[in-house]
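Report on the following structure.
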Amino acid sequence: MRRKLIVQKFGGSSVADVKRIKNVAKRVVSYAKKGCDLVVVVSALGDTTDELIELANKINPEPSEREMDMLLSTGEQISVALLAMAIHKLGFEAISFTGAQVGIITDSSHTRARILKINTDKIKEELNNGRIVIVAGFQGATLNQDITTLGRGGSDLTAVALAKELGADECEIYTDVKGIYTTDPRIEPKARKIEEITYDEMLEMASLGAQVMQARSIEVAKKFNVPIHVRSSFSKDIGTMIIKEVKIMEEVVVSGITLNKNQAKITICNVPDRPGVASMIFKELSGSGINVDMIVQNVSHLRQTDISFTVNKTDVSKATKIIRSVARGIRAGEVLLDEDIARISIVGVGMKSHHGVAATMFSVLAKNKVNIEMISTSDISLSCVIKKKFAEKAVKALHKEFGLTK
Ligand code: ADP
Ligand code: ASP
Ligand code: MG
């Protein structure tokens, strides 16, 4: 009979120091003792990735993306070796690999590469040798053997992709909270752990700022129907299952509240109101690989209008440079930059079939004297851009109003 195969991923906080690495080793070994085959994906220790980015920026504020990947991939290389050593110390066989070594082939879009193919031969061979296989998360290599990384939080993607490719029986994501909560428990301690959540809702929450899972990893899980169990590396409790359909009969209207403080708003004033102008602006941005999120165009006044949009903070300087040049070209007015914003969102599949949700959200913000600067909607979410200083207060108020508090 085939042994049960489990893919386990441990995030940076789970391996932040020696004690925690030993804790992870014990946990992994406890499954090996039960007779399971194990593929363990690990992130860089604690805040290593942030520290490496800071270091690079001190050397060159606009580092080459290829060299950035070379640098950032070292974080995970440290963790896998240390975890292998910790498992050896417990008397078990383990072997660590980089993404490139286990055949994770990606395209060449450095810092946000896409996985093209995974050759699992090496992993299977080592599992057959009775070893626990430890894989560096967040990385791969191009066919030309250039090291790439998979975007922030990319170890989640490594784990889900490996679980799919290996046909694993379980995919467990271990982190520093007990599962997916109705909102970030660091902001609202009264947040409730969710037992089951659909791929669609999790994807929306992740895209709108719930950093607990990387959005791209959920896309892959949804596409290939890989159930994910998100749980704590510090407790034995069952966490949250991310699956296709949940058991509850009646959907709750709002399942979660998210906050994203990593965006900035750019406004181009007095844009000539004629066909082709918006296309010109956004073509330039997408041509430079910049993702634009919310877009708002005001009512035209004297054949001129203001256009505002948000981008990730990491793209702000590149985006403003491009937009200033486009604005001159189309004879628009000033370009304004606001980094003091936050995007708060409510998410829930139940929003499709219930009305009045938007009105409730706006009235909660109004009651709390929070001004709304931008609004955007999707099938299962509603977002508002507000001043950053009101962010936490707004999250708590919405969490309470939509009945999510425990
Ligand atoms: P890891 O290092 O394990 O990858 P992350 O820091 O990426 O962990 O993600 C875990 C963190 O995500 C939690 O500590 C929590 O503060 C935050 N978080 C944000 N939104 C949520 C949510 N809805 N449910 C659970 N955690 C959330
Ligand atoms: N270490 C990488 C990051 O901080 C990948 C990960 O943690 O998933 O983004
Ligand atoms: Mg993470």
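Because only heavy atoms are used, hydrogens play no part in the values below, and waters and symmetry mates are left out as well, while side chains stay in. Just so you know, ligand 1 is whichever comes first in the structure, and atom 1 is the first atom listed for that ligand.
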Exercise. Residues in side-chain hydrogen bond (donor to acceptor under 3.5 Å, both in side chains) with E51, at least two apart?
Worked result: none

For this session: Could you pull out, from R152, Q211, K9, E188, the option with a heavy atom nearest to atom 11 (C) of ligand 1?
Result: Q211

Exercise. Are D200 and K222 close enough for a salt bridge, meaning some N to O gap below 4.0 Å?
Worked result: yes

For this session: Run the contact test for Q214 against ligand 2 with a 4.0 Å cut-off on heavy atoms, strictly below, and give the result.
Result: no

Exercise. So with a 6.0 Å cut-off around NZ of K178, is the heavy-atom count from everything else above 12?
Worked result: no

Exercise. So, E204 and S378: side-chain donor and acceptor under 3.5 Å apart, yes or no?
Worked result: yes

Exercise. Does G12 reach ligand 1 with a nitrogen or oxygen that is under 3.5 Å from one of the ligand's nitrogen or oxygen atoms?
Worked result: yes

Problem set entry | K89, NZ atom: more than 12 neighbouring heavy atoms under 6.0 Å | no

For this session: Provide, to 0.1 Å, the distance between atom 7 (O) of ligand 2 and the closest protein heavy atom, together with that atom's residue and name.
Result: S43 OG, 3.2 Å

Exercise. For ligand 1, which atoms, with element, lie under 4.0 Å from some heavy atom of A210?
Worked result: 20 (N)

Problem set entry | Option whose closest heavy atom lies nearest to atom 24 (N) of ligand 1, chosen from Y181, Y174, F10 | Y181

Problem set entry | Option of least heavy-atom distance to atom 26 (N) of ligand 1 (set: V212, T49, T183) | V212

Exercise. Do ligand 1 and S14 have nitrogen or oxygen atoms that lie under 3.5 Å from each other?
Worked result: no

For this session: Hey, could you give me each pair passing side-chain hydrogen bond (donor to acceptor under 3.5 Å, both in side chains) that has a residue in residues 181-192? Not counting sequence neighbours.
Result: T182-H399

For this session: State whether the shortest distance between N or O atoms of D176 and N or O atoms of ligand 1 falls below 3.5 angstrom.
Result: yes

Exercise. What protein heavy atom is closest to atom 4 (O) of ligand 2, reported as residue, atom name and distance in Å?
Worked result: R152 NH2, 2.9 Å

Exercise. Should one rank T258, T175, D184 by closest heavy-atom distance to atom 20 (N) of ligand 1, which comes out on top?
Worked result: D184

Exercise. Within less than 4.0 angstrom of ligand 1, does S43 place any heavy atom?
Worked result: no

For this session: May I ask whether G137 places a heavy atom under 4.0 Å from ligand 2?
Result: no

Exercise. Which protein heavy atom lies closest to atom 25 (C) of ligand 1, and at what distance to 0.1 Å?
Worked result: G179 O, 3.3 Å

